Amino acid sequence: MIRPPLRPEEHDRGRALGRALRAARGPRSLADVAAEARISPETLRKIETGRIATPAFFTIMALCDALGVRPEQLTGTAEHPMTG
């Protein structure tokens, strides 16, 4: 299956997610959070830098659990629904 290219608003949401993750991570190391979420540090790095603009739902949920935050705190759905 060929994935269609991301639209500019999807890239913007990916960058916003990355900023939210970095803020939620605070002083914790990227490696520690990635290990707790059971993802690779490289995957977390790519999400935080926006290179993975649309991470899988289960990845987001694992990061929420590791960081102790609700999904809407990372995605901004409480204020700006992420509709496509």
Side-chain angles (χ1 to χ4, degrees):
M1 179 172 118
I2 297 175
R3 187 173 186 176
L6 296 175
R7 298 184 310 257
E9 60 270 14
E10 291 170 319
H11 283 289
D12 291 343
R13 284 195 302 259
R15 286 189 287 274
L17 174 62
R19 286 189 298 272
L21 279 170
R22 283 190 301 278
R25 185 164 55 86
R28 293 177 65 188
S29 77
L30 186 139
D32 286 344
V33 172
E36 191 171 335
R38 296 184 177 195
I39 63 173
S40 73
E42 184 60 21
T43 296
L44 180 52
R45 184 177 294 108
K46 287 178 181 179
I47 295 169
E48 285 190 356
T49 60
R51 288 178 32 217
I52 297 177
T54 57
F57 172 79
F58 297 105
T59 301
I60 294 297
M61 295 309 296
L63 287 167
C64 286
D65 287 343
L67 295 168
V69 298
R70 295 184 321 273
E72 58 270 14
Q73 290 175 273
L74 295 181
T75 61
T77 56
E79 297 174 20
H80 307 287
M82 295 180 79
T83 57

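The figures here come from the full heavy-atom set of this structure, side chains too, leaving out hydrogens, waters and symmetry mates. The model shown is predicted, which means the values in this text are computed figures rather than measured ones.
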Side-chain donor/acceptor of Thr43 to backbone N/O of Ile39, under 3.5 Å: no

Nearest non-hydrogen partners of Glu10 and Pro5, listed with the distance: OE1-O, 4.4 Å

Spacing of Asp12 atom CG and Arg7 atom CZ [to the nearest 0.5 Å]: 11.5 Å

Ile47 CD1 to Thr54 OG1 distance, which is reported to the nearest 0.5 Å: 9.5 Å

Side chain to side chain contact (heavy atoms under 4.5 Å, CB included) evaluation trace for Leu44 with Thr59: CA-CA 9 Å; Leu44 180 52; Thr59 301; over 6 Å; no

From CA spacing to verdict: side chain to side chain contact (heavy atoms under 4.5 Å, CB included), Leu63, Val69: CA-CA 8 Å; Leu63 287 167; Val69 298; over 6 Å; no

Glu48 and Arg19: CA distance, side-chain angles, deciding distance, salt bridge (Lys or Arg N to Asp or Glu O under 4.0 Å) verdict: CA-CA 6 Å; Glu48 285 190 356; Arg19 286 189 298 272; over 6 Å; no

Donor-acceptor contact present, side-chain Glu36 to main-chain Val33, <3.5 Å: no

Heavy-atom check, side chain of Met61 versus side chain of Pro71, under 4.5 Å: yes

Main-chain N/O of Arg28 paired with Arg25 side-chain donor or acceptor, under 3.5 Å: yes

Nearest heavy-atom neighbours spanning Ile60 and Pro55: CD1-CG, 3.6 Å

CA sep, side-chain torsions, deciding dist, call: Arg51, Glu42, side chain to side chain contact (heavy atoms under 4.5 Å, CB included): CA-CA 11 Å; Arg51 288 178 32 217; Glu42 184 60 21; 3.8 Å; yes

Minimum-distance pair of heavy atoms, taken over all atoms of Ala37 and Ala62: O-CB, 3.4 Å

Euclidean distance, Leu6 CG relative to Arg13 CZ, rounded to 0.5 Å: 9.0 Å

Heavy-atom closest contact (Thr49 atom, Arg22 atom, distance): N-NH1, 4.0 Å

Lys46 side, atom NZ; Ser40 side, atom OG - distance, nearest 0.5 Å: 7.5 Å

